[in-house]
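The structure appears below as structure tokens.
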Amino acid sequence: MPLDLYNTLNRRKERFEPLSPDHVGMYVCGPTVYDTAHIGNARPVVVFDVLYRLLKRLYGSVTYVRNITDVDDKIIDRSRSSGESIEALTERTTRLYHADMGALNALAPDIEPRATHHIAHMIAIIQRLVDEGHAYAADGHVLFSVPSMPDYGQLSRRSVDELLAGARIDVAPYKRDPQDFVLWKPSTAEMPGWDSPWGRGRPGWHIECSAMAKEHLGVTFDIHGGGLDLIFPHHENEIAQSRCAHSGAPLARYWVHNGFVTVEGEKMSKTLGNFFTVHDLLGEYPGEAIRLTLLSTHYRQPLDFTRDGLKTAKGNLDRWYQALRSDPVPAETELPFAVLAALEDDLNTPLAITHLHELAAAVNKAHTPEEKAKAKGCLLAAGRALGLLEQEPEAWFRWAVKDAALLAEAEIEQLIADRKAARQAKDFAEADRIRKHLLDQGIVLEDGAQGTTWKRG
RNA sequence: GGCGCGGUGGCAGAGUGGUGAUGCAGCGGACUGCAAAUCCGUGUACGUGGGUUCGAUUCCCGCCCGUGCCUCCA
């Protein structure tokens, strides 16, 4: 079962071959915990969750590492402006992040290292870089010397000259070269800081990932993922640090990047007021609908996140759960080949989703109970491969918008019974009145061969 | 200025050198007391100008339009 992945390093789809035939190591850049996760933060989480599930299926053993950046100037700034302590802020934000991503059915990574727990490892790498002549101390900072690495810029395909031509760099006076970037910077007394050979300070952004990846996955590992925007400078600098500290050994063999998210055609921004947080969206739509929306576009394509898209995704899930509803109870079967093939082709989730539609149609068209059960099992397996259809169908149809005034289920059942009696007495006006009454409260009735079922619209 | 990505039917969104996915929306039909759900049928597409080819939406070149990154934004 070959897996092909688009490797940013070579800008083409490549056959994936792990370093070890029965184990895969994957590192994905995680959140800086200073604010609530927005829909753009959720895309890589969901995309790499699908990849994680697929890798586990194909190789059995996977070590998935996703870090928590809990030391950063944005955190310091936020703490200062809000008055909340850094520790409380990062703890609270991390908890919320876990809850939000869990609601999107994202599995927890195997290891979730925190930057503040790896300061010693960062210092060790920096020391090594200084010793090897790839970094230098200046004015309380330690900087990586970009000119010391002849093939710097391979991932982002930028030459040193091009970078200089960009010329939007605000050159700090202590830099030997404008491209040099910070590995360590000094902290004032009230800032978080750690003792180091260069004085009390804190790490630069890029070094965190180098240290945590090395610690948990080794010098060279299989897959490194993240958002497209991280290619430069973050991943480029990560590669520079790690390779120069490890005698030139490659960092990751496959670099996988997801595309950006826009909202209703606009780039997300707080001034435009189109900043959707996952937490808020979860009050309006089930997590699986948000997840499906994120998977409905290929991961490398730009994704325009819209309310219409959410509505469509919710409708698709209604259709699939409807197919799974009622007897016979589905039992997950083997993953249908077409779905597996779609996922193995560079994670073609939109194509996999079309197969889910076909599988749902097969359930509805099945003639015998045996056929139906088998078809349901296939649909379920296909959904689960995408991290969808993980709920009981009845629970899905009872989901309600947050804070809605809900009609009690017992009351709904009573009204359905009343309507049944009216229908049996051929009092259709009364039956329709009850149905309308329920519809006005968001309850949709469906009269089937096995009786009347209801769902929240 | 540099590096990069994309333009597919009313909408969303795959894919392919030659039988025009899939879903939503629309239309017609079956089923239903009427609906809903489901099933059956149905129309509309590949930014633009060249080139390669027996044949291009698919490969190559130009152009137009949109868009991302260029030191800490996923």
Side-chain angles (χ1 to χ4, degrees), chain A residues 8 11 28-32 37-45 47-48 69 72-74 144 146 153 156-159 161-172 175 178-182 185 204-208 225-234 236-237 257-262 265 267-269 292-293 296-298 300-304 306 308-309 311-316 318-320 322-323 325-326 342 345 348-358 360-361 363-365 423 426-429 431-432 435-436 439 444-449 452-455 457:
Chain A
T8 306
R11 307 285 161 111
V28 175
C29 290
T32 299
H38 57 67
I39 192 67
N41 298 308
R43 170 125 97 146
V45 173
V47 164
F48 289 102
T69 296
D72 182 275
D73 288 1
K74 285 194 292 292
F144 183 89
V146 169
S156 57
R157 307 238 162 154
R158 288 157 207 263
S159 73
D161 297 344
E162 285 160 2
L163 286 165
L164 289 178
R168 272 172 47 184
I169 306 168
D170 212 9
V171 184
K175 286 188 182 182
Q179 306 164 84
D180 294 349
F181 57 88
V182 172
K185 50 187 163 190
W205 179 37
H206 317 301
I207 195 68
E208 302 174 9
L228 205 64
D229 58 314
L230 294 179
I231 294 174
F232 190 88
H234 186 238
E236 195 68 78
N237 291 349
H257 292 99
N258 64 273
F260 238 62
V261 178
T262 55
K267 186 170 176 170
M268 266 189 293
S269 78
L292 178 59
T293 305
S296 292
T297 299
H298 185 88
R300 283 193 282 112
Q301 293 292 116
L303 165 64
D304 189 32
T306 63
D308 266 4
K311 209 172 144 195
T312 301
K314 166 78 160 55
N316 286 163
D318 282 343
R319 179 175 151 80
W320 300 334
Q322 184 71 33
R325 206 175 190 183
S326 80
D345 183 12
N348 193 339
T349 54
L351 188 57
I353 288 165
T354 70
H355 294 314
L356 260 79
H357 286 299
E358 287 160 7
V363 173
N364 293 330
K365 282 187 267 190
R423 291 179 73 205
K426 304 280 184 203
D427 184 357
F428 295 121
D432 290 350
R435 185 170 63 195
K436 176 70 165 54
L439 184 62
V444 179
L445 297 189
E446 290 167 7
D447 299 327
T452 299
T453 59
W454 64 274
K455 67 183 180 188

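Atom set for the values below is all heavy atoms of this structure, side chains included, hydrogens, waters and symmetry mates excluded. Sequence lines set the chain letters: A, B, ... in the order given, protein chains first and strands last, and positions in each chain run from 1.
Among the heavy atoms of the strands lying under 4.0 Å from A:V261 is at least one base atom, whether or not backbone atoms are also near. Using a 4.0 Å heavy-atom criterion, one finds that A:A361 contacts the sugar-phosphate atoms exclusively. Contact annotation for A:D229: base contact, defined as any heavy-atom pair under 4.0 Å involving a base atom. A:K314 comes within 4.0 angstrom of no nucleic acid atom, judged by non-hydrogen atoms across all strands. In this structure, A:P350 reaches the sugar-phosphate backbone alone: every heavy-atom distance under 4.0 Å involves primed, P, OP1 or OP2 atoms, never a base. Heavy atoms of A:Q322 sit under 4.0 angstrom from primed sugar atoms or phosphate atoms, though from no base atom. Heavy atoms of A:L228 sit nowhere under 4.0 angstrom from any nucleic acid atom. Across all strands, A:H357 comes closer than 4.0 Å only to sugar-phosphate atoms, never to a base (heavy-atom distances).
Comparing B:rG33, B:rA14, B:rC72 by their closest approach to the side chain of A:V182 singles out B:rC72. Of the candidates B:rA21, B:rC72, B:rA74, the closest approach to any side-chain atom of A:T354 belongs to B:rA21. Among B:rA14, B:rG4, B:rA37, the nucleotide with an atom closest to any side-chain atom of A:K455 is B:rA37. Candidate nucleotides B:rG13, B:rG33, B:rG23 were compared by shortest atom distance to the side chain of A:N316, and B:rG23 ranks first. Of the candidates B:rG13, B:rA36, B:rA74, B:rG13 carries the atom nearest the A:T297 side chain, counting heavy atoms from C-beta on. Between B:rU22, B:rA37, B:rA74, one nucleotide has an atom nearer to the side chain of A:P44 than all others, and that is B:rA74. The side chain of A:R423 sits closest to B:rC34 out of B:rG15, B:rC34, B:rA74. For A:N258, the listed nucleotide lying nearest its side chain is B:rA74; candidates were B:rA36, B:rA74, B:rG23. Considering only side-chain atoms of A:R319, the nucleotide from B:rC24, B:rG6, B:rC69 that sits closest is B:rC24. Taking only side-chain atoms of A:D447, from C-beta outward, the nucleotide of B:rC40, B:rA74, B:rC34 with the closest atom is B:rC34.
Residue ring and base: A:F260 does not count as stacked with B:rG68 (centre distance below 5.5 Å and interplanar angle below 30° not both satisfied).
Position along RNA chain B of the nearest nucleotide to A:E446 versus A:F428 favours A:F428 as the more 5'-ward residue.
Note: A:R325 CZ to A:K455 NZ = 7.5 Å, rounded to the nearest 0.5 Å. Atoms OG and CG, on A:S296 and A:L303 in that order, are 8.5 Å from each other to the nearest 0.5 Å.
Base pairing in RNA chain B gives the following stems of 3 or more Watson-Crick or G-U pairs, range against range and under 3.5 Å: B:1-7 with B:64-70, B:10-12 with B:22-24, B:26-30 with B:38-42, B:47-51 with B:59-63.
B:rC11 atom P lies 17 Å from atom NZ of A:K311, rounded to whole Å. For A:H257 and B:rC73, the NE2 to C1' distance is 14 Å, given to the nearest whole Å. Separating the CZ atom of A:F232 from the P atom of B:rU71 is a distance of 7 Å, rounded to the nearest angstrom. In this structure, A:W454 atom CH2 and B:rA37 atom C1' are separated by 16 Å, rounded to whole Å. Atom CD1 of A:I231 and atom P of B:rC72 are 17 Å apart (whole Å). For the pair A:F48 CZ and B:rA74 P, the interatomic distance rounds to 14 Å; values are reported in whole Å. Atom P of nucleotide B:rC5 and atom CG of A:D304 are separated by 21 Å, given to the nearest angstrom. A straight line from CG of A:D308 to P of B:rA12 spans 9 Å, rounded to a whole angstrom.
Contact check on A:D308 versus A:K311 returns no salt bridge, with no Lys/Arg side-chain nitrogen under 4.0 Å from an Asp/Glu carboxylate oxygen. At a threshold of 4.0 Å, the pair A:K314-A:D318 counts as salt-bridged, since one of the basic side-chain nitrogens sits closer than that to a carboxylate oxygen.
When all heavy atoms of A:R423 and A:A431 are compared, the pair lying nearest together is CG-CB, 3.5 Å.
Side chain of A:D72 to backbone of A:T32: no donor-acceptor contact under 3.5 angstrom is found. Panel note: side chain A:T306, backbone A:G309; a donor-acceptor pair is recorded below 3.5 Å. Remark: the backbone N or O of A:V261 is not paired with any side-chain donor or acceptor of A:R43 at under 3.5 angstrom. Listed for the A:E446 side chain is no donor-acceptor partner under 3.5 Å among the backbone atoms of A:T453. A donor-acceptor contact shorter than 3.5 Å is absent between the side chain of A:D345 and the backbone of A:N348.
Interface remark: the A:D432 side chain does form a donor-acceptor pair with the B:rG33 base, using a distance-only criterion of under 3.5 Å. Counting atom types as modelled, A:R435 pairs a side-chain N or O with a base atom of B:rC34 as donor and acceptor under 3.5 Å.
Note on A:K436: every side-chain N or O is 4.0 Å or more away from OP1 and OP2 of B:rC34.
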